[in-house]
Amino acid sequence: MPQKPNLIMERAKEYIAKIEGHGSLTINWEKGLVKLNVLEGERLFEGILVGKTLEEMHWITPRICGVCPIAHNLASLASSEAALGIKISNQTKLLRRLMQIGQNVQSHILHAVFLALPDYIGIDRITELNQKDPKKFAMALALKEIGDEIAYVVAGRNVHPTQTTVGGFHKIPNEKELRNLQDKIKRNIPKARALLQIFKSLNYPRLKVDLELLTQQNGKVISNKRAKFKISDYKKNIEEEVRNGSTAKFGAYKGGEYMVGSMARLYHGPHQKIALQSGLDFQNPFHNNLAQIMETVFELEDGIKIIEELLRNKLNNLIAKPSKNPPLRGVGAVEAPRGGLYHEVRINKNGVITYANIITPTVQNLTSMETSATTLLKQYPNASQKELKHLIEMLIRAYDPCITCSVH
Amino acid sequence: MQNRFSKKLKIAIYDFTDCEGCEVKLVSIKERLVHLADRFNIVNWRLGQEKIKDGPYAAAIIEGTPVTQDEIDLLRELREKSKLIISLGACASIAGIPGIMNKSERKKWYAKIYGANYKPKGIDALPLSAYVKVNHMIHGCPVDEDELVRTLEELLSGKTPRYRRYSVCLECKLAGNQCRLLHKKICFGPITQGGCKAICISGGSPCYGCFGVREEANIPALVKILRRFASEKEINNHVTMFFNQIPEYKNVFKQALKNYKK
């Protein structure tokens, strides 16, 4: 009688641990090639949205990913508002930026500390850090909490926002709540800086990849290697390859792989110099973990300034209205924790969604992950297969893939 | 569950197809997680660790919808090897947002999204209970931290966790919200189990009933109130957000809408 397969043990060994979603690796040792398999089930969100209303869109799309729900909420709101010809107020812009800060901090801490750090300090799961170094563990929890707190105050909940609506907010925080939040952020910045010192001191595996880094900036997507393009032309430039056996598509910018996320934002942003001085290597994808913690510090500092700006004027909750002749189609783009996120929507005259398209950051990073992993095999000719497999898993984790997002 | 104070309970944590937001909630119970982790032997939590142990398990806590055949097979194996199956969140409990997609529509959307030559992995988005017996459901999209801790602690002490016997309305009143129904907005609060602290309504969002329909809920009475200001189509649309794959809820709505007379 054939033995019954033990799926529990088989799958547990197959899946890459400590990443969001289900993925596995196929390494061809002879050819020196690495293939990433995405095995998450398809939920077909672009189909789920058709027939729903715009007010439901930003409520449904956060459920694509519980690690970056705010990013999906913001992208859906932006695409809906573009479709309705809505111009949001400056206050709404600031509050949404604050949501984005909360999102980035939550996600970066969760990933860099809870999922990636154990590799570097020789533990299996982060709760073990509590026995090893309770002070560091408390610091990490405090930072996760400040990200959550920003999300609670502005978005209504740490996972899946409740307070946002097309045109603005159902509900906004009052002055006192914002002031308290600001104080709390201030108190946490020294902790974020201390965490950055830890991440600066980690022994990142060496790797040199000629990375192309893309980020959204002022309505355009810019690259360190090629010409920029308009966000509204995202579909013409970001190609998605469908592979059989993979439930996620693999992204490319006109045929070439690229990386999005913290590293790309730091490279193209105002802090590039500080990042370089702090030892960030923009050609080593392992440094994405360092970039995330660096960005956490900058984001929290920005948060203080944004709250200050919000409090300069009297808070006033007005929801912006649709224009008279709205285009009924819109693209909404936002820099999610893992990089550029694109939502596109079309509606009919009754406000019902007839078309939706979503391109997530991880889809864009998948191709780069394979290239970097293949490069790693070449650059470690003397390592054993076991060591290489571990290094490649660490590398995949460093990219912080969100498989659930990539399939959606 | 008999050896309540002796051995650590071996708990397996699993996620099927979903957003993993309920696991994020599990992580965000923070200090309490450490305290719980000391008392449970948590294994197979792919998101949080590499430690793998085969069954038997005192309980398997499962998040997500089993969409692929592989997930369905794994779920059946987990059922065989676990004393308790506990669903974590709306996807596992009532199929959640993935359940909006009907099986009959999947083929069309595979072709539109992936192209005609794509070989799909997914079969249908149904709750765990469509395939195996579920001992307890931790409801919510996402789950609430306090409910999560309460359930885990009750498990630990050998109790079978109980559902809240009151509706969201109670918590909504305690939160000081104005009644959405009085403002002619569709609300499933009256028929939905409490435990969520009415967090969506407090934030200004609708209640779609993600905590599941409460025992003895009077759906026809709610439909009667809703029909005073909402169309049949609007109510049906509201139903599909979380109840699309739960015939026992959906059919009661359908019947009540049919029976409704002005």
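Chain letters run A, B, ... following the sequence lines, proteins first and then strands; every chain starts at 1.
Using a 4.5 Å cut-off between heavy atoms, B/Lys81 contacts chain A through its side chain alone, with no backbone atom that close. Heavy-atom distances place the side chain of A/Val50, and not its backbone, under 4.5 Å from chain B. For chain A, no part of B/Lys112 is nearby; none of its heavy atoms comes within less than 4.5 Å. Of the two parts of B/Pro120, the backbone and the side chain both hold a non-hydrogen atom closer than 4.5 Å to a non-hydrogen atom of chain A. Heavy-atom distances place the side chain of B/Asn44, and not its backbone, under 4.5 Å from chain A. Neither the backbone nor the side chain of B/Ile123 comes within less than 4.5 Å of any heavy atom in chain A. Residue contact with chain B, scored on non-hydrogen atoms closer than 4.5 Å, involves the backbone and the side chain of A/Asp124 alike. Looking at A/Ile48, both its backbone and its side chain come within 4.5 Å of chain B, counting heavy atoms on both sides. Using a 4.5 Å cut-off between heavy atoms, B/Phe16 touches chain A through its backbone atoms (N, CA, C, O) alone. Neither the backbone nor the side chain of B/Gln69 comes within contact range of chain A, judged by heavy atoms closer than 4.5 Å.
For A/Arg157 and A/Tyr152, the positive end is not near the middle of the six-membered ring at less than 6.0 Å and at most 45° from its axis. Annotation: cation-pi pair B/Lys8/B/Phe40 absent, no NZ/CZ under 6.0 Å from the ring centroid and within 45° of its normal.
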Can you give the donor-acceptor pairs under 3.5 Å from side chains of residues 89-104 of chain B to other protein atoms, not counting sequence neighbours?
unit_1, atom_1, unit_2, atom_2, d
B/Ser93, OG, B/Ser87, OG, 2.8
B/Ser93, OG, B/Gly89, O, 2.8
B/Asn102, OD1, B/Asn244, ND2, 2.9

Q.
Does A/His111 form a side chain to side chain donor-acceptor pair (under 3.5 Å) with A/Glu20? I'd like the steps, not just the answer.
A. CA-CA 9 Å; A/His111 173 255; A/Glu20 292 100 21; over 6 Å; no

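Using cut-offs of 30° and 60° on the angle between ring planes, the pair B/Phe242 and A/Trp59 is perpendicular.
For A/His408 and A/Phe45, the distance between ring centers is not under 6.0 angstrom.
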